[in-house]
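For reference, the structure is listed below as structure tokens.
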Number of protein chains: 2
Amino acid sequence: MKTKPQDAGASPAGAGLGTRERVVRAASRLFQRQGYEGTGIKLIAQEAEATLGSVYHFFPDGKEGLAVAAIQHGDREFAEMLSSGLAGSDDPAEAVENCARTLATALRESDWAEGCPVTATALETLGRSPSIQQACLEALRNWQAVLAAKFRAGGFDAEEAEELACTVLSALEGAEVTSQVFRSETPLLTTGRRMAQLIRSRS
Amino acid sequence: MKTKPQDAGASPAGAGLGTRERVVRAASRLFQRQGYEGTGIKLIAQEAEATLGSVYHFFPDGKEGLAVAAIQHGDREFAEMLSSGLAGSDDPAEAVENCARTLATALRESDWAEGCPVTATALETLGRSPSIQQACLEALRNWQAVLAAKFRAGGFDAEEAEELACTVLSALEGAEVTSQVFRSETPLLTTGRRMAQLIRSRS
DNA sequence: TACTTGGTAGAGCGATCGTTCTAAAGGCTG
DNA sequence: CAGCCTTTAGAACGATCGCTCTACCAAGTA
């Protein structure tokens with residue numbers, strides 16, 4: 001069906017997409033900005049220009065199922081951001097520093113509100129929602145794999161690539177939070193530069 | 001007054017402390033474990049073995065004021081943890097690695113539930129509660145200062161000490177989240193080892 | 001004894017939460 | 001056209017939210 005007419009005019013975001021996709025995107029962005037518990041389903045529906053009925057039609061498991069889909073969306077989104085940030089250089093050190101710059105710019109442009117799309121939800125639901133935790137775990141694994149691939153391509157052996165990927169991912173995650181709290185690009189930029197130094201220190 | 005009788009038997013936690021202190025500690029631990037929005041004031045009162053009336057007596061500003069006090073408590077608590085973790089060695093690299101081990105052990109012993117006491121609350125309230133955000137900012141600054149002092153004592157000049165402190169703090173924060181999601185000490189331990197490598201790489 | 005002060009106790013308020021439910025409209029196939 | 005299935009629409013439910021309010025209790029002072 002799709003009942004496409006929907007909205008023809010200038011809509012806030014996600015015009016032209018199916019209802020389900022609009023709901024997922026709205027949920028992902030809201031969870032990212034204000035956490036899982038702090039975001040009501042009615043607000044998500046409103047922001048997505050959908051109705052409560054639609055939300056529960058596509059996500060019969062309710063908020064938890066919607067959150068899983070939102071996390072998976074954030075996973076893909078952030079993985080793309082990492083990839084495009086890394087793509088600028090073949091040197092892993094340069095690539096990571098450039099990646100941190102990309103993240104810092106995006107963070108500032110969202111007025112420090114849109115950091116990592118899973119951290120807030122992950123921390124709130126740890127040990128209380130296995131399905132959400134699983135989705136967060138897969139996201140982190142995915143991002144680490146993206147970094148590890150870059151390091152292997154840069155000449156590191158598999159084990160060291162994995163360890164560096166784990167370290168760099170943790171550092172970027174933490175620096176993103178720090179930058180949000182400080183409302184400053186500095187923590188991300190500094191961390192990016194020092195991660196580059198680390199990568200170069202034994203390559 | 002203090003109406004000390006309170007509870008004489010074996011109580012869950014914080015027996016013998018004043019009501020206000022018990023409430024702050026319960027709030028800090030609950031915010032740390034399940035976030036700000038996901039924690040109700042009634043639960044905090046119950047966990048602290050206090051009543052709603054007592055909570056609002058000591059915190060007339062309500063949940064937000066209580067959260068500020070809880071963050072400040074978490075600030076002191078985590079600063080002590082950092083300090084004691086760093087105290088094991090005069091070599092900054094060794095000290096940081098040891099610190100990561102301390103954090104990893106504590107995290108595992110809490111069944112991966114008690115990570116950084118401010119991250120969850122900070123992310124949920126960013127840009128929506130200036131007083132809470134300010135308290136989180138001061139906590140991060142405080143912890144960074146603890147690390148920077150260690151680096152200066154280890155022979156780094158002020159500027160490099162500050163940059164390394166920013167990087168190491170971000171990395172530890174991120175690694176703590178990663179360890180929680182993975183339910184594994186590995187991310188914290190790996191990050192600690194690599195941070196030691198970074199510190200040694202140009203000292 | 002009477003009065004004050006600092007803290008305890010919890011019923012109850014309006015608002016909002018996640019969820020369920022019924023009804024109906026849109027577009028396809030027969 | 002009728003029949004069907006997907007999707008939209010939103011009223012309504014019980015539970016819980018943060019918070020206010022009044023009453024009460026225990027010690028200190030006069």
Side-chain angles (χ1 to χ4, degrees), chain A residues 1-8 11 14-27 30-31 34-70 120-121 124-125 128-129 131-132, chain B residues 1-8 11 14-27 30-31 34-70 120-121 124-125 128-129 131-132:
Chain A
M1 307 301 142
K2 279 293 134 67
T3 52
K4 37 328 179 348
Q6 269 306 126
D7 53 291
S11 82
L17 284 71
T19 303
R20 194 196 134 101
E21 186 65 16
R22 287 203 317 279
V23 169
V24 169
R25 293 189 184 207
L30 284 168
F31 288 156
Q34 41 185 342
Y36 178 73
E37 300 283 359
T39 303
I41 294 208
K42 285 171 186 174
L43 176 62
I44 294 173
Q46 180 185 322
E47 205 83 357
E49 302 195 65
T51 66
L52 215 45
S54 299
V55 174
Y56 278 94
H57 169 74
F58 289 110
F59 301 96
D61 290 344
K63 199 181 185 182
E64 195 168 341
L66 172 54
V68 169
T121 302
E124 282 179 279
T125 61
R128 307 201 298 158
S129 167
S131 59
I132 296 180
Chain B
M1 303 298 137
K2 280 292 135 69
T3 51
K4 34 336 180 349
Q6 267 308 124
D7 53 291
S11 83
L17 283 71
T19 304
R20 194 197 134 101
E21 186 66 16
R22 288 204 315 280
V23 169
V24 170
R25 292 188 185 207
L30 284 168
F31 288 156
Q34 41 184 342
Y36 178 74
E37 301 282 359
T39 303
I41 293 208
K42 284 172 185 171
L43 176 61
I44 294 173
Q46 180 185 322
E47 206 83 357
E49 302 195 65
T51 66
L52 211 49
S54 299
V55 173
Y56 278 94
H57 171 74
F58 288 110
F59 301 96
D61 289 343
K63 198 182 187 183
E64 195 168 341
L66 172 53
V68 169
T121 302
E124 283 179 279
T125 61
R128 307 201 298 158
S129 166
S131 59
I132 296 180

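A note on names: the letters A, B, ... follow the listed sequences, proteins ahead of strands, and every chain is numbered from 1.
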Please state how far atom [atom1] in [X] lies from atom [atom2] in [N], giving the value in whole angstrom units.
{"X": "B/Ile44", "N": "D/dC19", "atom1": "CD1", "atom2": "C1'", "value": "13 Å"}
{"X": "B/Gln46", "N": "D/dC17", "atom1": "CD", "atom2": "P", "value": "10 Å"}
{"X": "B/Glu49", "N": "C/dT8", "atom1": "CD", "atom2": "P", "value": "12 Å"}
{"X": "A/Asp61", "N": "C/dG18", "atom1": "CG", "atom2": "P", "value": "15 Å"}
{"X": "B/Arg20", "N": "C/dT8", "atom1": "CZ", "atom2": "C1'", "value": "17 Å"}
{"X": "A/Leu52", "N": "D/dT7", "atom1": "CG", "atom2": "C1'", "value": "14 Å"}
{"X": "B/Lys63", "N": "D/dT16", "atom1": "NZ", "atom2": "C1'", "value": "12 Å"}

Worksheet item: Can you tell me if the side-chain N/O atoms of B/Thr19 get under 4.0 Å from OP1 or OP2 in C/dT8?
Response: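 Yes, because at least one side-chain N or O of B/Thr19 sits under 4.0 Å from OP1 or OP2 of C/dT8.
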Practice task
Please state whether the phosphate of C/dT8, meaning OP1 or OP2, lies under 4.0 angstrom from any side-chain nitrogen or oxygen of B/Ser54.
Solution key: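 Yes, because at least one side-chain N or O of B/Ser54 sits under 4.0 Å from OP1 or OP2 of C/dT8.
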Checklist entry - Given D/dT8, C/dT20, D/dT20, which nucleotide is nearest the side-chain atoms of A/Phe58? => result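 Nearest to the side-chain atoms of A/Phe58, counting from C-beta on, is D/dT8.
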Q. Start at the 5' end of DNA chain C and walk down; is the nucleotide closest to B/His57 or to A/Lys42 reached first?
A.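 Residue closer to the 5' terminus by nearest nucleotide: B/His57.
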With rounding to the nearest 0.5 Å, note down the distance linking CD in B/Glu49 to OG in B/Ser54.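 The distance works out to 12.0 Å.
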_Quick one: does any side-chain atom of B/Ser129 pair with a main-chain N or O of B/Thr125 as donor and acceptor, under 3.5 Å?_
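No.
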Please list all pairs passing the side-chain hydrogen bond (donor to acceptor under 3.5 Å, both in side chains) test where one or both residues lie in residues 35-45 of chain A, with sequence neighbours left out.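 Sorted result for residues 35-45 of chain A: A/Glu37-A/Arg128.
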Give one of base, sugar-phosphate or nothing for A/Gly53, where a contact means two heavy atoms less than 4.0 Å apart.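 Since a base atom lies under 4.0 Å of A/Gly53, the category is base.
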Report task. Quick one: label B/Ile41 by what it contacts on the DNA or RNA (base, sugar-phosphate, nothing), any heavy atom closer than 4.0 Å. Result ->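 Sugar-phosphate, no base atom in range.
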Practice prompt. For the residue pair B/Gln34 and A/Glu124, establish whether any side-chain heavy-atom pair is separated by less than 4.5 Å.
Written response: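 Sidechains of A/Glu124 and B/Gln34: no contact.
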